[in-house]
Amino acid sequence: MDRIACYSSNLKFSVAEPTDYDSVLAFVIEHYYKDEPMNSSYIYDSSPAVDDVEFSVSFLLQGMAVKAVDPSCENQLVGVSIANPINQEYVNDLLEAAKQAKTEKWRDSLKLLAHLQQTVNVLQRFNVPKCYDIEIVAVHPDYRGQSIGSRLFEEQFARAKQLGYAVASADCSSYYSARIAEKVGMECVARLPYSDYRDERGVQLFQPKAPHVEIQTFVKLLH
């Protein structure tokens with residue numbers, strides 16, 4: 001993609017539709033998973049786990065994904081964010097899904113996500129029955145540095161309100177996504193250094209390089 005030819009300050013943001021599924025799937029594989037520290041630093045395999053990708057993108061079908069396109073470049077997809085719902089059964093669902101995971105990588109990732117939820121317990125902390133968890137924020141490399149990530153967060157906050165959520169959260173596994181979360185007014189409520197999380201055998205499964213040294217959980221109350 002030619003950055004000069006396709007640069008636009010008039011991007012269009014909207015809720016992703018079911019017809020966007022294939023393009024969003026390809027986009028997050030190319031522009032999210034390659035850079036996402038949990039994925040790239042898993043000690044046994046740095047390639048995206050197919051069941052991880054399928055799980056994440058499936059929430060597009062529940063209306064929990066937003067997209068950014070560039071009208072000046074034939075509506076090129078340049079940004080995507082996907083959320084998923086957290087409810088009272090979420091931790092149990094994660095652990096049960098881990099037992100049935102197709103890949104060891106997704107199994108271990110689910111166990112880490114369950115650990116984060118058990119530690120933070122956003123629902124209990126804020127006394128709400130559900131939470132809108134922003135899982136993926138991805139921007140095409142040619143369009144980075146234009147605050148598109150921040151705008152995707154803001155669009156997700158608006159979508160969460162439309163769907164009846166009072167709280168939004170995000171487990172930021174990347175130093176850069178954490179900075180964006182701070183920029184859009186989210187509060188950091190927990191930190192988990194990667195070096196502190198180990199499996200049953202004592203192995204540190206996720207070993208990203210600096211500056212990605214921890215997972216930070218952020219929360220925003222939606223008024």
Side-chain angles (χ1 to χ4, degrees), residues 1 16-62 64-69 76-86 90 93-117 133-144 148-149 152-153 156 169-178 180-181 192 194 197-199 203-217:
M1 181 184 292
E17 302 292 339
T19 52
D20 296 314
Y21 184 94
D22 289 342
S23 61
V24 168
L25 179 71
F27 188 90
V28 297
I29 290 174
E30 180 66 23
H31 303 302
Y32 175 74
Y33 283 95
K34 283 186 177 181
D35 298 327
E36 197 278 314
M38 268 184 63
N39 174 73
S40 60
S41 73
Y42 182 67
I43 60 174
Y44 301 122
D45 184 3
S46 62
S47 60
V50 61
D51 37 359
D52 183 350
V53 179
E54 290 174 351
F55 173 83
S56 298
V57 181
S58 71
F59 293 102
L60 178 154
L61 303 176
Q62 296 185 29
M64 303 182 78
V66 295
K67 63 178 182 177
V69 301
Q76 168 72 38
L77 186 62
V78 301
V80 167
S81 177
I82 305 174
N84 63 266
I86 293 177
Y90 188 61
D93 289 345
L94 290 177
L95 294 174
E96 187 59 34
K99 295 177 183 178
Q100 303 174 25
K102 299 175 185 177
T103 63
E104 290 187 6
K105 184 175 189 176
W106 182 223
R107 178 203 64 194
D108 290 334
S109 296
L110 285 166
K111 288 182 178 180
L112 172 52
L113 293 174
H115 174 77
L116 288 169
Q117 291 301 322
D133 189 50
I134 301 169
E135 180 186 355
I136 287 176
V137 176
V139 177
H140 192 289
D142 288 349
Y143 286 79
R144 291 173 187 171
I148 296 172
L152 288 168
F153 265 104
Q156 283 286 36
S169 64
D171 292 322
C172 293
S173 58
S174 160
Y175 170 86
Y176 303 113
S177 62
I180 297 173
L192 175 65
Y194 283 104
Y197 182 78
R198 298 171 183 269
D199 69 4
V203 177
Q204 183 184 339
L205 296 172
F206 305 93
Q207 301 183 13
K209 297 179 181 179
H212 313 296
V213 297
E214 62 185 356
I215 300 174
Q216 299 181 56
T217 299

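Counting heavy atoms from C-beta outward, I136 and S56 have side chains that approach closer than 4.5 Å. Inter-residue side-chain proximity for V80 and V139 is flagged as unmet; no heavy-atom pair is nearer than 4.5 Å. A heavy-atom distance below 4.5 Å is found between the side chains of Y42 and E104.
When atom types are taken as modelled, the side chain of D51 and the backbone of K102 share a donor-acceptor pair closer than 3.5 angstrom. In this structure a side-chain-to-backbone donor-acceptor pair under 3.5 Å is missing from K111 to D199.
Rounding to the nearest 0.5 angstrom, the gap separating the OG atom in S173 from the CG atom in N39 is 9.5 Å.
Residues P48 and I29 come closest through the heavy atom pair CG-CG2, 4.5 Å.
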Enumerate, atom names and distances included, each donor-acceptor pair closer than 3.5 Å involving a side-chain atom of residues 203-213, sequence neighbours excluded.
residue	atom	partner	partner atom	Å
Q204	NE2	F206	O	3.0
Q207	NE2	Q204	O	2.9
H212	ND1	Y175	N	3.0

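Judged as a ring-ring contact (aromatic ring centres under 6.0 Å, His included), and not counting sequence neighbours, the contacts of F27 are H31. Partners of Y197 under the ring-ring contact (aromatic ring centres under 6.0 Å, His included) rule, at least two apart in sequence or in another chain, are H115. Judged as a side chain to side chain contact (heavy atoms under 4.5 Å, CB included), and not counting sequence neighbours, the contacts of A97 are L110.
Note on K67 versus D20: salt bridge recorded, some NZ/NE/NH1/NH2 to OD/OE distance being below 4.0 Å.
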TODO: Given side-chain hydrogen bond (donor to acceptor under 3.5 Å, both in side chains), test N84 with Y90 step by step and report yes or no.
DONE: CA-CA 10 Å; N84 63 266; Y90 188 61; 3.2 Å; yes

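Side-chain contact, Y32 with S81: no donor N or O sits under 3.5 Å from an acceptor N or O. Donor-acceptor pairing under 3.5 Å is recorded for the side chains of Y33 and D52.
Residue pairs meeting the salt bridge (Lys or Arg N to Asp or Glu O under 4.0 Å) criterion with at least one partner in residues 169-178, sequence neighbours excluded, are absent. Identified under the salt bridge (Lys or Arg N to Asp or Glu O under 4.0 Å) test for residues 32-50, with sequence neighbours left out: E30-K34, D35-R144.
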